[in-house]
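Remarks on the structure that follows.
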There are 2 protein chains.
Amino acid sequence: MTDINTKSTDSPTENDEETTSPVSLSGKHEHILTLMELFYFAYRDFTGDGDEVLAKIGYGRAHHRVIHFVHHYPGLRVAELLSILKITKQSLARVLKQLVDEDYITQKPGQQDRRERLLYTTQKGQELATQLAKPQINRFEHSINQLSKKEQETVEKFLFSLIQQGNRHDVINLMAQNGHEPYSDISKKHSSKSALKKK
Amino acid sequence: MTDINTKSTDSPTENDEETTSPVSLSGKHEHILTLMELFYFAYRDFTGDGDEVLAKIGYGRAHHRVIHFVHHYPGLRVAELLSILKITKQSLARVLKQLVDEDYITQKPGQQDRRERLLYTTQKGQELATQLAKPQINRFEHSINQLSKKEQETVEKFLFSLIQQGNRHDVINLMAQNGHEPYSDISKKHSSKSALKKK
DNA sequence: CAAAATATGTCAACATGACTGACATAAATA
DNA sequence: TATTTATGTCAGTCATGTTGACATATTTTG
């Protein structure tokens, strides 16, 4: 009941047998749903940022993600990348192979464990990574600059807390590689048995 | 310079011809990059929430998105859905057809404009929508509950500001259908020529 | 040291969900 | 009446995800 669509007259007058009562049954969580949608819209536009550049070289968003993480975490192992992206080996192999073949990424055996193939961006890869990152960084910079330091921390805390419990250690460990301090509550104990970290 | 990977000994000693200097050349925007990654990880886990339920009925995330928006905005027009999802008609048609055929969604001609096919969830569709929403709502609720009212507004403002300029009106107009007030700065003027709103 | 475990790569086959571009219909509008 | 609009549909293609099996090199373990 109660009509919603200010837009097109809605309120199915006839043949409303099985349609729902227009207004959000979700009423109770209306505010949360709205926030979820803002999150969705933000991500939708965020991921679109690199598309033009990618299209020019025949790459997709999967390539973008790979090159981003390899660029930001040089020496990343394949297993770590898989854990970050949460896709299958085969899925990664396809895009990674292209990136390696086309000289955006190189692989080097680890020194301690020579089974590992540590990933690095080449000069060419760095240039691409930088180009792809530009619009996304701008987007985030504009948004974050409208916030106070304290507010920025709030956002950071919020985003971190949205991450699946079991994945937070991995994220912390990953980011620690670039000198980042842990996040609030989580980093109290644990820190070993991560799916990301080495052995 | 400066070594990064605490993990596996990195620092490519030999054959480091074209690999990059390990540490983030991105140094300047290190903090922004980290925030972007948190955003990515949060979204990654958020979207995974419905997977089990979806798998049981042979649906994918595309179905989830469609049923979510139709459920939350009963009477949605196809054109609005296309504008929300930013995919092509054919892409939408495929999943929408399945949802209609399998009685999760029904279509009714608009009263004013009978060319329109207003979308509504059926009883069955509502149940599915509710089930799919549950884990995501829980995720957001937990996170948002850790914040003060003021902090919640900060997060909302931040997410909204991440949305592409040209798309913000559409989002506002869409959400207004469920009685939501505009967001901060943006809603000063404009409000007509939206890609979403009716004629 | 031999056996088991690990890190990675690869192959074949397949599913989902995007895309393009063309064309059709019904209904609203100029 | 002619045009535009909202929607649907067809054919074909591509990007990216999946499974499961198997191969190789290397490290770790009993």
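Each chain gets a letter, A, B and so on, in the order the sequences are listed, and its residues count up from 1. What you see below is based on every heavy atom in this structure, not just the backbone, and it leaves out hydrogens, waters and symmetry mates.
- Note: Y59(A) and Y104(A) meet the aromatic proximity criterion, with ring centroids under 6.0 Å apart.
- A sub-4.0 Å separation between OP1 or OP2 of dA15(D) and a side-chain N or O of H63(A) is absent.
- Rounded to whole Å, the distance from CG on L81(B) to P on dG17(C) is 14 Å.
- Using a 4.0 Å cut-off, no side-chain N or O of T88(B) falls inside it from OP1 or OP2 of dA18(C).
- Looking at R44(A) and Q164(B), their side chains never bring a donor and an acceptor atom within 3.5 Å of each other.
- Here the side chain of D113(A) is nearest to one of dT8(C), dT10(C), dT27(D), namely dT27(D).
- Atom CD1 in I105(B) sits roughly 15 Å away from atom C1' in dT7(D) (whole-Å rounding).
- Put simply, Q90(B) has no side-chain N or O that comes within less than 4.0 Å of OP1 or OP2 on dG21(C).
- Between the side chains of Q136(B) and Y40(A), not a single donor N or O lies within less than 3.5 Å of an accepting N or O.
- With rounding to whole Å, Q111(B) atom CD is found 18 Å from dA6(D) atom P.
- Annotation: of the two residues near DNA chain D, V95(A) and R114(A), the 5′-most nearest-nucleotide partner is V95(A).
- Side-chain proximity of A79(A) to the nucleotides dT8(C), dT18(D), dT7(D) is greatest for dT8(C).
- Between the C1' atom of dC19(C) and the CG atom of D51(A) lies a distance of 12 Å, rounded to the nearest Å.
- The nucleotide whose nearest atom lies closest to any side-chain atom of S91(A) is, among dT8(C), dT6(C), dT18(D), dT18(D).
- When the P atom of dC23(C) is taken as reference, atom NZ of K89(B) falls 13 Å away, rounded to whole Å.
- Between the side chains of Q131(A) and E127(A), no donor-acceptor pair of N or O atoms lies under 3.5 Å.
- Comparing dA27(C), dA7(C), dG17(C) by their nearest atom to the side chain of R115(A) picks out dA7(C).
- The aromatic ring centroids of Y43(B) and F46(A) lie 6.0 Å or more from each other.
- Nearer the 5' end of DNA chain D, as judged by each residue's closest nucleotide, is the contact made by R117(B), out of R117(B) and A62(A).
- R77(A) places its CZ atom 13 Å from the P atom of dT6(C), with the value rounded to the nearest Å.
- Across the protein-nucleic acid pair, Q112(A) atom CD and dT26(D) atom P stand 15 Å apart, rounded to whole Å.
- The distance between atom CZ of R94(A) and atom P of dG17(D), rounded to the nearest whole Å, is 8 Å.
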